[in-house]
Number of protein chains: 2
Amino acid sequence: MDELVAKKISEPPGVAAWPNTAAEAAVAGDGDGDALELVELFFFAYRDFVGDADRLLENYGFGRAHHRVLHFVNRRPGLTIAALLDILRITKQSLNRVLKQLLEAGFVEARAGVVDRRQRLLYPTPQGATLARDLAALQSARFRKVMDELPPAARGAASKFLFAMIDSGERERVRAHLACAKAAGAAT
Amino acid sequence: MDELVAKKISEPPGVAAWPNTAAEAAVAGDGDGDALELVELFFFAYRDFVGDADRLLENYGFGRAHHRVLHFVNRRPGLTIAALLDILRITKQSLNRVLKQLLEAGFVEARAGVVDRRQRLLYPTPQGATLARDLAALQSARFRKVMDELPPAARGAASKFLFAMIDSGERERVRAHLACAKAAGAAT
DNA sequence: TATTTACGTCAACTATATTGACATAAATCT
DNA sequence: AGATTTATGTCAATATAGTTGACGTAAATA
């Protein structure tokens, strides 16, 4: 590692690899200040955002990993393992431990795929749906409160902002996921 | 993504099984739908946001924990252990492991407090400051790109939005931190 | 029939966090 | 001066969430 470090340090060429923004920032001095402030605000906002759910999950002996799985299964009933792995960006081994617990605890159930029987389609049980809803309620309550606090003009900006924060290559995927989840919700 | 869509389509049986929750969500009002969308956007946005830094940190054998410590030490040189623990909300044992590595690798240095010699005041070394700046550059570059993509009217909204997302009891603390960091930054 | 795909599973390991107990030096109170 | 509190370090055990790699199996597909 030290050699990597040394390499990095002794690497004025690295400057070229930097986003020119770094150079600009250095020149501009505090021009970066605002962006840095956003970096920290994002950190604090996310910390508090997940904190709500964490506290509720403790009562069930679950963690954030369970929350994510339950959330996406609930949002998109019939989700396959592969699709879930793709959303969460974790390995199947990692997912498996958490998913197994959710299955055994009766919060999620898996049915064999109809069109492709190798697939396991994941559905929330009524119990799972309830917990998912409670968790979502906490988090969307925070968003609603935020929207109330915000000047009306700023309200629509939040989702635009968050969407723009996503890797551009990922946006279509996310958009499709949202549309799909919305359809599932609307269908009922 | 295509597979997601395909699977979704080939899934009429799932529809029947669809959730009570979704139903309830629909009943609970679609105001929730928007909030739910924000919840997921926040998840994806944060995932990609930290991803940038993660990739750079790998070159140094560091993880997110090191990043957070280095970041705040760099933003607020002279930070005490207690202040850092308060920001990060972790235990001293957890901090210690990471901090020790940063100290040993020469990215951070600790000096005895002047007014209170029990305290260890943390400072970035030149090496640490460089890495911190590189990491920050990646992340603020993302923010700047986002701002460029956003309609001008929405730009100011981002920091208001993020600030409103923070626990109300924490906002003063965060505001103070930002002010302090800004002052420290101005010195450089 | 042969191969690929979707998934499960065992094992070993890493990173990040926790709780609890105890140690030490410096500051502060009485 | 002596007792106590404070700021920090450290050892040990544990939990959670993730990783890579290897191997297995049933079902779809070429």
Side-chain angles (χ1 to χ4, degrees), chain A residues 1 43 46-47 50-51 53-55 57-58 60-71 73 78-105 108-122, chain B residues 2-4 6-7 10-11 43 46-47 50-51 53-55 57-58 60-71 73 78-105 108-122:
Chain A
M1 183 192 90
F43 166 76
Y46 195 78
R47 182 193 66 177
V50 295
D54 283 350
R55 282 182 287 276
L57 286 159
E58 263 178 37
Y60 295 82
F62 291 148
R64 269 180 217 180
H66 303 87
H67 182 192
R68 292 195 283 263
V69 170
L70 181 60
H71 173 92
V73 167
L79 202 64
T80 64
I81 301 286
L84 193 47
L85 290 176
D86 189 55
I87 289 172
L88 298 176
R89 300 273 180 85
I90 56 174
T91 59
K92 63 179 173 179
Q93 294 90 332
S94 189
L95 172 60
N96 204 256
R97 186 165 19 91
V98 168
L99 182 56
K100 212 188 291 184
Q101 290 168 2
L102 285 169
L103 287 164
E104 279 164 9
V108 169
E109 71 176 21
R111 308 177 199 156
V114 196
V115 42
D116 185 337
R117 291 170 40 92
R118 288 171 306 181
Q119 294 182 326
R120 296 175 79 199
L121 308 186
L122 304 173
Chain B
D2 305 82
E3 62 171 347
L4 290 185
K7 259 139 210 177
S10 63
E11 192 192 281
F43 167 75
Y46 195 78
R47 183 194 66 178
V50 295
D54 284 349
R55 282 181 287 275
L57 286 159
E58 263 177 37
Y60 296 83
F62 291 149
R64 269 180 216 181
H66 304 85
H67 183 191
R68 291 195 284 263
V69 170
L70 182 59
H71 173 92
V73 167
L79 202 63
T80 64
I81 301 286
L84 193 46
L85 290 175
D86 189 55
I87 290 173
L88 298 176
R89 298 273 180 85
I90 57 175
T91 58
K92 64 180 172 176
Q93 294 89 333
S94 189
L95 171 60
N96 205 255
R97 177 184 42 91
V98 167
L99 182 56
K100 211 189 291 185
Q101 289 168 2
L102 285 168
L103 288 164
E104 280 164 9
V108 170
E109 70 176 20
R111 306 176 200 155
V114 196
V115 42
D116 183 337
R117 291 172 40 94
R118 288 172 306 181
Q119 294 182 325
R120 297 175 78 200
L121 308 187
L122 303 172

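Values below: all heavy atoms of this structure, side chains included; hydrogens, waters and symmetry mates excluded. Order of the sequence lines sets the chain letters (A, B, ...), proteins ahead of strands, with each chain counted from 1.
- What separates CZ of B:Arg47 from P of D:dG18 is a distance of 13 Å, to the nearest Å.
- A:Leu95 has its CG atom 14 Å from the C1' atom of D:dT19, to the nearest Å.
- Rounding to the nearest 0.5 Å gives a distance of 10.0 Å between CG of A:Leu103 and CD of A:Gln101.
- Here the straight-line distance linking atom CD1 of A:Ile90 with atom CG of A:Leu95 works out to 5.0 Å at 0.5 Å rounding.
- Look at CG on B:Leu57: it is 14 Å from C1' on C:dT16, rounded to the nearest Å.
- In this structure, CG in B:Leu88 is found 5.5 Å from CZ in A:Phe43, a value given to the nearest 0.5 Å.
- Comparing B:Leu99 and A:Gly63, the nucleotide of DNA chain D nearest to each residue sits closer to the 5' end for B:Leu99.
- For A:His66, the ring pair (Phe, Tyr, Trp, His ring centres under 6.0 Å) partners at least two apart in sequence or on another chain are A:Phe62.
- Remark: B:Arg64 engages B:Asp54 in a salt bridge (Lys or Arg N to Asp or Glu O under 4.0 Å) (not counting sequence neighbours).
- Of the residues in residues 79-91 of chain B, those lying under 4.0 Å from DNA chain C by heavy-atom distance are B:Arg89, B:Ile90, B:Thr91.
- Here C:dA15 presents its P atom at 13 Å from CG of B:Asp54, a figure rounded to the nearest Å.
- Within the nucleic acid shown, B:Arg97 comes within 4.0 Å of at least one base atom, counting heavy atoms only.
- Between B:Arg68 and C:dA17 there is a side-chain polar atom (N or O) within less than 4.0 angstrom of OP1 or OP2.
- Rounding to whole angstrom units, NZ of residue A:Lys100 and P of D:dT16 are separated by 15 Å.
- A straight line from CG of B:Leu122 to C1' of D:dA7 spans 12 Å, rounded to a whole angstrom.
- Between B:Leu121 atom CG and D:dA7 atom P there is a gap of 13 Å when expressed in whole angstrom units.
- Between B:Asn96 atom CG and C:dA15 atom C1' there is a gap of 16 Å when expressed in whole angstrom units.
- In this structure, the side chain to side chain donor-acceptor pair (under 3.5 Å) partners of B:Arg118, at least two apart in sequence or on a different chain, are B:Asp116.
- A salt bridge (charged side-chain N to carboxylate O under 4.0 Å, His left out) check over residues 81-90 of chain B, counting only residues at least two apart or in different chains, returns the pairs B:Asp86-B:Arg173, B:Arg89-B:Glu170.
- One distance of note links OG1 of B:Thr80 with CG of B:Leu122; it measures 7.5 Å at 0.5 Å rounding.
- Checking C:dC7, D:dA7, D:dA17 against every side-chain atom of A:His66, the shortest atom distance belongs to D:dA17.
- With rounding to the nearest 0.5 angstrom, the CG atom of A:Leu85 is 9.0 Å from the CD atom of A:Gln93.
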**Fill in**
Protein-proximity profile, nucleotides 21-30 of chain D, B/S/- by nucleotide at the 4.0 Å heavy-atom cutoff, equals BB----BS--
